[in-house]
Amino acid sequence: MFNDGPMDASGNWIDRPLAILEDIEDKLELHFDKVKQKIEDDLEKVHDHFEQLQDKFDDDLKSGLKPLKLGGHAQKSDGNKAKKPASPPKTPSAPGQSMKAPDNSKVPKEPEETKKPSSGSKESSGDKEPSGSKEPSGNKEAAATCNPSNSHVRYEWSSYAKADRTAFVTAIKCLQGKPSGGSQFTGSQNRYEDLISVHRGMTANIHQTAAFLVWHRYFVWVFEQLLRDECGFDKAMPWWDETKHAGNFAASDVFIDEWFGHLPAKTSDGQGTCIVSGEFSGTTLHVGPGQNNENHCLSRAVDESQTAQCNKDFTNSCLSMKSYEEFRDCFELGPHGYGHNGIGAVMAEVSASVGDPIFFMHHLFVDHTFRIWQNANPSRRTTISGCADAKSPCTPITLDTMLSSSGIMPDMAVRDALNTLSGPLCYHYNY
């Protein structure tokens, strides 16, 4: 599958594996095993090309004509003056060099070590823990200057420094301690719960519609800006690769006392257990369940048979989908849905699932997969189709459709949410 990673200013990947993308039976597939044959075929073509030029050179000498210079084809032009010959195709000396792939895909170089972006945390090398570093306050100044080479990096949890993990969960706890932004956030009693209220109020239009992926991408960005602007969070953002722990979420060190607290199994009667460990121990929620506004605890009820569906095979199956709507449907009802239900309790309650802060780690995984799907074809960052809402007939989604957080942050056009490498978003993932 396509990875994410560092890019130059033109949007070409740096240090990505060499692979060939093929269109097979209406699905896109990557073939690493064909790279060697592709290089050998190209070398053979170049060799044949030069043999033809050499034969032409010998014939011209025999006939007394001025020989062609090796390196290109002769072209006829008005008069007797020949145009400058084109340079022969360059021969890659190793898989690390760039070459053309089918479907005009750009083939990246062999990975070595992730390079540090112009701003963001340092990437770890091997098992070495990365050192934390400051991110600018929000991404606002990046809106006018963002390009692929200076976009911020989101680091997978295993490569995220312990100090940064602490800063991240502390900033979330900070939002839970700040007053609500206003009465428009129904049921909310703190700034974090404003986010729960917004998600709940928009549930019908942001699930099982074309808005699902772009709105939740925007929503995670809104969450990030709150952490930075109101709680001083100045580290890179993390994400969690759930495929590493599919079928065993409870063993992930996301769910330990230092960070998000434990992930208990369902009780004997199938209910959740109130969380009494981690940074969010003893959290009382006021928004939900459902459309109610009742005091209830942050609870979880893991079902590993469901988390098992957040695996690489299922993820890659969704990534093979060609259209936006096919991919959205596959991943929303697949790994996304299984992740929510697998963690259970508050997370399994669709509208108010934001009540569990692990919601954002889960949706960072969703967004990472969305970016990987987009990486397979640049047009996926500039086109979209489907319904923007659940009306019948629905409102078609367009690049100008506005995404809203009910005033927490400015609305954002879909065109800006589709491309994370320009405009206000300005980020990519470390792989």
Side-chain angles (χ1 to χ4, degrees), residues 157 168-169 171-178 180 185-204 206-207 212 215-216 219-220 222-223 226-227 238-240 242 245 249-250 252 254-257 259-307 309-310 332-333 335-366:
W157 190 253
F168 181 61
V169 295
I172 300 173
K173 190 72 174 177
C174 164
L175 286 181
Q176 293 179 331
K178 286 187 171 291
S180 168
F185 304 114
T186 307
S188 175
Q189 292 191 22
N190 59 62
R191 195 57 164 150
Y192 183 84
E193 289 190 333
D194 291 351
L195 294 166
I196 310 175
S197 180
V198 168
H199 185 272
R200 181 177 69 175
M202 297 184 178
T203 293
I206 59 174
H207 295 92
F212 171 74
W215 188 88
H216 282 86
F219 189 54
V220 171
V222 168
F223 165 68
L226 283 182
L227 295 180
W239 69 282
W240 175 31
E242 294 179 6
H245 306 102
F249 274 20
S252 167
V254 169
F255 296 106
I256 63 174
D257 288 341
W259 321 123
F260 288 87
H262 295 168
L263 187 52
K266 292 179 181 179
T267 59
S268 58
D269 58 353
Q271 300 302 305
T273 299
C274 295
I275 301 304
V276 293
S277 63
E279 190 68 22
F280 308 105
S281 171
T283 295
T284 298
L285 301 170
H286 310 95
V287 180
Q291 296 304 310
N292 298 317
N293 296 312
E294 302 173 351
N295 290 0
H296 58 290
C297 70
L298 168 58
S299 58
R300 296 175 185 145
V302 71
D303 180 345
E304 299 289 16
S305 70
Q306 298 210 48
T307 72
Q309 300 304 312
C310 300
E332 181 181 2
L333 301 180
H336 162 259
Y338 284 111
H340 273 280
N341 293 329
I343 293 171
V346 170
M347 269 286 279
E349 205 276 286
V350 178
S351 62
S353 56
V354 184
D356 190 337
I358 203 66
F359 170 95
F360 288 101
M361 292 295 280
H362 180 54
H363 272 274
L364 281 155
F365 167 64
V366 172

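The chain is numbered in sequence order, starting from 1.
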Within-4.5 Å side-chain heavy-atom neighbours: Val354 and Ser197: no
Sequence-distant partners of Cys274, side chain to side chain contact (heavy atoms under 4.5 Å, CB included), two or more places apart: Cys297
Shortest non-hydrogen separation from Pro238 to Trp157 and the atoms involved: CB-CE3, 4.0 Å
Audit row: Trp259, Val254, side-chain contact (heavy atoms from CB on, under 4.5 Å) steps and yes/no: CA-CA 6 Å; Trp259 321 123; Val254 169; 5.8 Å; no
Any Leu227 side-chain heavy atom under 4.5 Å of Phe168 side chain: yes
Side-chain touch Arg191/Phe185, heavy atoms, less than 4.5 angstrom: yes
Option passing side-chain contact (heavy atoms from CB on, under 4.5 Å) with Thr283 (candidates Asp356, Val346, Leu298): Leu298
Asn293: side-chain hydrogen bond (donor to acceptor under 3.5 Å, both in side chains) partners, not counting sequence neighbours: Arg200
Nearest-0.5 Å distance that lies between atom CD in Glu332 and atom NE2 in His340: 9.0 Å
Aromatic plane relationship, His216 with His199 - under 30° parallel, 30 to 60° tilted, over 60° perpendicular: perpendicular
Rounded distance [0.5 Å steps], CG in Asn341 versus CD in Gln309: 11.5 Å
Note, Phe219 side chain near Met202 side chain (heavy atom, < 4.5 Å): no
Validation row, ring centre Phe249 to ring centre Trp240 under 6.0 Å: yes
Where Trp239 and Met361 come nearest, the two heavy atoms and their spacing: C-CE, 4.1 Å
Nearest non-hydrogen partners of Pro335 and Cys310, listed with the distance: O-SG, 3.4 Å
Non-hydrogen side-chain atoms of Gln176 and Glu193 separated by less than 4.5 Å: no
Non-hydrogen side-chain atoms of Ile343 and Ser353 separated by less than 4.5 Å: no
Atom pair CZ (Arg300) and OG1 (Thr273), whose distance is rounded to the nearest 0.5 Å: 11.0 Å
Derivation of the side-chain contact (heavy atoms from CB on, under 4.5 Å) call for Val366 and Phe212: CA-CA 10 Å; Val366 172; Phe212 171 74; 4.3 Å; yes
His296 vs Thr284 side-chain heavy atoms within contact, under 4.5 Å: no
Donor-acceptor contact below 3.5 Å, side chain Glu304 vs main chain Ala250: yes
Gap between atom NE2 of His245 and atom CZ of Phe255 - 0.5 Å precision: 10.0 Å
Heavy-atom closest contact (Ala301 atom, Ala345 atom, distance): N-CB, 4.0 Å
Short side-chain to backbone donor-acceptor contact, His207 and Thr203, under 3.5 Å: yes
Minimal non-hydrogen separation, Asp303 against Ser305, with atom names: OD1-OG, 2.5 Å
Atom of Ile275, atom of Pro264 and distance for their closest heavy-atom approach: CD1-CD, 3.8 Å
Contact check, side chains of Val169 and Phe260, non-hydrogen atoms, under 4.5 Å: yes
Tyr338 OH: over 12 foreign heavy atoms closer than 6.0 Å: no
Intermediate values then yes/no, side-chain contact (heavy atoms from CB on, under 4.5 Å), Asp257 and His262: CA-CA 7 Å; Asp257 288 341; His262 295 168; 3.0 Å; yes
Spacing of Leu175 atom CG and Asn190 atom CG [to the nearest 0.5 Å]: 8.5 Å
Euclidean distance, Phe223 CZ relative to Leu195 CG, rounded to 0.5 Å: 7.5 Å
